[in-house]
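A short write-up of the structure that comes next.
Proteins get letters first, then strands, A, B, ... in listed order; numbering begins at 1 in each.
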Amino acid sequence: MTPFGSAPGLRPTKLGVYLFLSVLAVFAAFPLFWMVSTSFKTYEEAYRFPPTLLPRHPSTGAYSSVFDTADLATFAMNSLLVALVATLAGTLFAAMAGYSLARSRFRGRRLLLRSTLLAYIFPQILLVIPLFEVLAKLDLVNTHLGLILAYVTLSFPFSTWMLTAYFRTVPIDIEEAAKVDGASNLRVFWQITLPLVAPGLVAVTVFAFINTWTEFLYSFIILGGGDGRTLSVFLYSLLGGESQQWELLMAASTVAMLPMIILFMAVQRRMASGLASGAVKG
Amino acid sequence: MSNRALVAEAPARRGGPGRAGDDGPPRLLRRVAGALDRKLTVLFLLPGMLCLALVILYPLGYNVWTSFTDKNLQFPGDKLIGFGNYVSILADSRFWNAALRSVSWTVASVLGQFAIGLLAALALERVTRGRTVLRVILIVPWTFSPIVMAFVWRYMLDGLGGVLNAVLLELHLIDKSVAFFGEAGTALPSATLVNIWFGYPFMMLALVAGIQAIPRELYEAAVVDGASYWRTVFSITLPALRPIVGTLIVLRTIWVFNNFDIIYLTTGGGPRDASTTLPVYAFNVGWNNFDVGRMAAVAVVMTIVLLAVTAVYMRLLRFEEERT
């Protein structure tokens with residue numbers, strides 16, 4: 001039936017499995033290692049060929065010149081503000097919509113759930129110019145509020161989709177019991193059902209935060225240049241012509257990635273189970 | 001600032017703490033609160049749907065409308081020109097070349113992500129020591145933003161100081177350095193490699209969760225019957241994963257097909273269009289040539305293709321939802 005089906009000798013050995021995973025781990029993590037390693041090199045060493053694996057004379061020169069020439073802290077704060085507000089609002093809206101879609105029985109409910117997925121289909125590139133015009137009419141171009149509004153919808157469809165699946169796993173009997181005791185629908189949602197889907201909420205929140213923190217196209221179009229820029233757009237402006245100052249780019253990139261790495265270390269266990277099982281049910 | 005943004009948030013506030021109030025507000029208020037509470041599930045849909053309408057539905061409608069006009073950002077005013085934009089893009093060989101590249105970019109990326117994600121998930125399931133550490137390392141690519149990803153890979157694949165060239169030269173696999181993102185033959189494959197690197201961790205995580213949900217007894221029974229490891233993979237694991245795989249592949253296909261950042265930031269679509277996929281083509285037409293009408297037409301064509309793909313997928317999977 002399968003090419004391997006009748007050959008028990010091909011059972012993967014422990015050594016083989018570890019070997020495969022090690023090779024993959026190098027492939028996965030080498031760019032991160034290379035980024036950090038290069039960020040501590042000098043301009044000359046970054047262009048040395050063949051390159052050195054670790055900096056010979058580690059220097060923080062690249063970091064100080066990035067911080068000297070640009071107001072990196074401001075851009076980081078912009079990114080953080082936009083990502084946090086958009087993530088919290090988006091997750092709250094998605095939780096409400098997901099609950100509604102999981103619990104209500106009105107006609108067109110299924111259609112609505114599907115159209116949230118359809119929202120995911122429309123190419124960002126399709127939305128970007130009309131969105132720009134909408135925001136221009138509302139006087140929201142070049143404002144963080146405009147970008148936040150766009151970001152809320154960036155992860156809303158996917159979050160709603162996942163949370164709907166999560167809410168379905170909460171037995172309705174629990175809610176009925178609370179209602180018999182006289183609790184309002186809102187109280188049931190807020191105090192009973194919502195805490196029960198906490199793993200899903202964490203996963204969705206982290207996922208949305210990553211999406212917004214790393215997003216490029218919308219912030220490029222909506223914010224343009226200036227002090228209001230997010231980190232992504234600022235980093236883009238560092239990209240020059242043919243000859244790059246790689247050690248500077250790598251130092252700025254390392255700073256931009258730091259929050260992501262910390263966040264991941266903190267929540268990776270919950271991410272792995274929460275996000276995956278939600279996506280799976282969706 | 002904007003009133004409309006506030007309107008979008010208002011329903012959320014109405015649905016907010018005001019209604020939990022059992023602590024004795026006037027009777028009328030209570031009745032209103034009670035009535036609102038009974039409509040809770042409908043009210044809950046409003047904020048999200050309003051955002052979607054503003055940021056997606058309106059632009060979509062606008063976009064379809066624009067695709068039938070000769071709107072150009074350089075000149076004021078526009079008029080309806082029927083299917084003119086569609087005719088001109090369908091007659092444009094650059095459009096068709098971009099479409100072909102989009103197909104190969106999407107198929108190669110999704111298959112690569114899936115294959116590596118699946119192998120990694122199966123392998124992770126078989127190790128006991130160091131599983132957590134390995135998993136953390138393996139999801140590292142997912143933490144990268146498109147711009148940082150582009151920087152690092154551009155540096156690693158650079159024709160001058162790139163580490164990949166150093167390694168390949170050392171192994172005598174190439175005679176002279178290759179500017180991977182800068183040469184017509186390697187630009188799109190290199191971007192695809194970056195995309196596979198970035199996208200396999202998500203596949204892996206979802207598949208690990210799926211594998212863990214398969215009842216152990218199935219495997220125990222198979223082992224009693226003398227089935228080999230690969231036999232159990234093909235006759236137990238993969239069939240059990242089918243619904244997940246379907247969802248994953250379709251979501252990824254949509255995402256990759258629509259992806260703009262990775263290609264734009266690594267190769268810029270070049271050299272000379274060698275890596276221009278449909279989103280990059282649309283962007284160049286609209287944002288660089290200001291030909292918004294034509295750009296809209298490209299976008300509409302892309303959406304129709306994706307809708308067709310998704311419709312087929314929904315048919316195939318017959319939606320788990322329907323059973324509830």
Could you look at [X] and say if it's the side chain, the backbone, both or neither that has a heavy atom under 4.5 Å from chain B?
| X | result |
| --- | --- |
| Lys179(A) | neither |
| Asp139(A) | neither |
| Phe27(A) | both |
| Gln191(A) | neither |
| Thr254(A) | neither |

Contacting region of [X] [heavy-atom separation from chain A under 4.5 Å]:
| X | result |
| --- | --- |
| Asn165(B) | both |
| Val167(B) | neither |
| Ile137(B) | both |
| Val127(B) | both |
| Met204(B) | neither |
| Leu119(B) | both |
| Thr128(B) | both |
| Phe151(B) | both |

Shorter than 4.5 Å, heavy atoms on both sides: which option in [options] has the most such pairs with chain B?
| options | result |
| --- | --- |
| Pro157(A), Pro51(A), Ala94(A) | Pro51(A) |
| Ile221(A), Leu135(A), Val233(A), Asn211(A) | Ile221(A) |
| Leu235(A), Leu231(A), Asn185(A), Leu217(A) | Asn185(A) |
| Met250(A), Met260(A), Arg103(A) | Met250(A) |
| Glu133(A), Met35(A), Glu215(A) | Glu133(A) |

Inset, instruction - For residues Gly210(B) and Leu241(B), report the shortest heavy-atom separation together with the two atoms involved. - result: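 Looking at all heavy atoms of both residues, the closest pair is C-CD2, 3.6 Å.
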Legend entry - Qualifying residue for side chain to side chain contact (heavy atoms under 4.5 Å, CB included) with Trp153(B), from Leu265(B), Val148(B), Leu193(B), Ile262(B):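 When side chain to side chain contact (heavy atoms under 4.5 Å, CB included) is applied between Trp153(B) and each of Leu265(B), Val148(B), Leu193(B), Ile262(B), only Leu193(B) qualifies.
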Inset, instruction - Report the residues that fulfil ring-ring contact (aromatic ring centres under 6.0 Å, His included) with Phe260(B), sequence neighbours left out, ordered by chain and then residue number. - result: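 Partners of Phe260(B) under the ring-ring contact (aromatic ring centres under 6.0 Å, His included) test: Tyr264(B), Phe283(B).
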Inset, instruction - Using the test ring-ring contact (aromatic ring centres under 6.0 Å, His included), find all partners of Tyr99(A) that sit at least two apart in sequence or belong to another chain. - result: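 Tyr99(A) satisfies ring-ring contact (aromatic ring centres under 6.0 Å, His included) with Phe167(A), Phe189(A) once adjacent residues are dropped.
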Inset, instruction - Please confirm whether Phe198(B) and Trp255(B) have ring centers closer than 6.0 angstrom. - result: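 Between Phe198(B) and Trp255(B), the centre distance is under 6.0 Å.
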Inset, instruction - Kindly say whether Leu138(B) contributes a backbone atom to a donor-acceptor pair with the side chain of Tyr200(B) at under 3.5 angstrom? - result: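 Yes.
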Inset, instruction - Please examine the side chains of Ser37(A) and Lys41(A), heavy atoms only from C-beta on, and report whether any two atoms are closer than 4.5 Å. - result: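 Touching, per the 4.5 Å side-chain cut-off.
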Of all of [options], which one pairs up most often with chain A through heavy atoms under 4.5 Å apart?
| options | value |
| --- | --- |
| Val309(B), Val233(B), Leu306(B), Thr66(B) | Leu306(B) |
| Gly182(B), Ser177(B), Gly162(B), Ala296(B) | Gly162(B) |
| Val140(B), Leu124(B), Thr143(B) | Thr143(B) |

Inset, instruction - Report the distance from atom CG of Leu248(A) to atom OG of Ser39(A), rounding to the nearest 0.5 Å. - result: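 It comes to 10.5 Å.
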Inset, instruction - Answer yes or no: are there more than 12 heavy-atom neighbours, outside Trp65(B) itself, under 6.0 Å from its atom CH2? - result: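 Count not over threshold, so no.
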